[in-house]
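Order of the sequence lines fixes the chain letters, A, B, ..., with proteins taken first and strands second; residue numbering starts at 1 for each chain.
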Number of protein chains: 2
Amino acid sequence: MFIQIEPQSDVPIYEQVTRKIMEGIARGEMKPGDTLPSVRNLAADLGVNMHTVNKSYHELEEKGIITIRAKSGAIIRSAEERALTTEQLQQIEKNLKPVVVEGMVLGATAEQIEHMIKKVFSDLQIPAEGV
Amino acid sequence: MFIQIEPQSDVPIYEQVTRKIMEGIARGEMKPGDTLPSVRNLAADLGVNMHTVNKSYHELEEKGIITIRAKSGAIIRSAEERALTTEQLQQIEKNLKPVVVEGMVLGATAEQIEHMIKKVFSDLQIPAEGV
DNA sequence: ATAATTGTTATACAGATAATATAACAAATA
DNA sequence: TATTTGTTATATTATCTGTATAACAATTAT
């Protein structure tokens, strides 16, 4: 697997793994139905402990992104299976708020921030509406 | 001061304080040149330790939002003093990315996310361009 | 000038989190 | 049947979070 970890980051390793996998899915490198590598294999690839990867997988499951089949493996859920709930929308907004507020206070305009979001989308090669 | 803390949140107290102060500035409740309450006073108001508030203030200073005058007090920097640097823009984008990616993977569109950002702006009663 | 306030620094402590290290278990798979 | 899988358990180390005191020196108020 293609994941690269920054050991001295302030972001915990398990969180980095979670994000990288989400990025992989967003990029389309991993598709619904695909099986994630076993926690032992991925841990060995990254040079980290099994439990660290296991924690990531459970975080992804809690977010509704994957399904863990006990003693079998983890598969990526399809878009239908993970239909966006209002709770999830609220959670996204909750996560978004402090970042946007900080940008505002530093002097960024709504246009600048919206531009960044389009950039994130385009960097992941997912066409955003009207771009 | 008007800050309310959630003791059992997964967000550290010092981070909550930092965010609430940024919100206050974004709302215009606190303006550039204004003095923040002393770390001891605010800590007493919130019922937390002095060092916890002190950590928030230093985080705000590191972000370029306030200036701490040693043994005197902390004042909010003006928009001119904190002119948005490219590094700060990159930092905002860096903070924005994982949140946006998660939204994408969960099925949110760029339009939905942009709408949330406009909502954050409007909730803080700061008019966003073209809204 | 004196007293109070301020951020700073230092030390110590307790609790939670992060990460690693082994190990064994039971179900699923080869 | 043997291997692989996630699960569970225990233990250890390090870092982070938060509190608790205390003293210091500069600023500010009286």
Report yes or no: is there a donor-acceptor pair, N or O only, under 3.5 Å between the side chain of B:Arg69 and the base of C:dG7? no
Ignoring hydrogens and geometry beyond distance, is a side-chain donor-acceptor pair present between B:Thr85 and B:Glu87 at under 3.5 Å? no
With DNA chain D as reference, determine whether B:His51 or B:Lys55 sits nearer its 5' end, using the nearest nucleotide of each. B:Lys55
When A:Ile13 and A:Ser72 are each assigned the nearest nucleotide of DNA chain C, the 5'-most assignment goes to A:Ile13
Less than 4.0 angstrom from a charged side-chain N to a carboxylate O is my criterion; do B:Glu15 and B:Arg19 meet it? yes
Under 4.0 Å: is that the gap between some side-chain N or O of B:His58 and OP1 or OP2 of C:dT8? yes
In whole Å, I'd like the distance from the CD atom of A:Glu15 to the C1' atom of C:dT17. 13 Å
Using whole Å, what does the distance between atom C1' of nucleotide D:dT4 and atom CG of A:Leu42 come to? 16 Å
Nearest whole angstrom, please: distance from the P of D:dT5 to the CG of A:Leu36. 13 Å
Give a yes/no answer on whether the side chain of B:Lys71 brings an N or O atom under 4.0 Å of OP1 or OP2 in C:dT5. no
In whole angstrom, what separates B:Met50's CE from D:dA20's C1'? 10 Å
Nearest whole Å is fine: how far is D:dC16 C1' from B:Tyr14 OH? 8 Å
Could you check how far CZ of B:Arg40 sits from P of D:dA22, rounded to whole Å? 13 Å
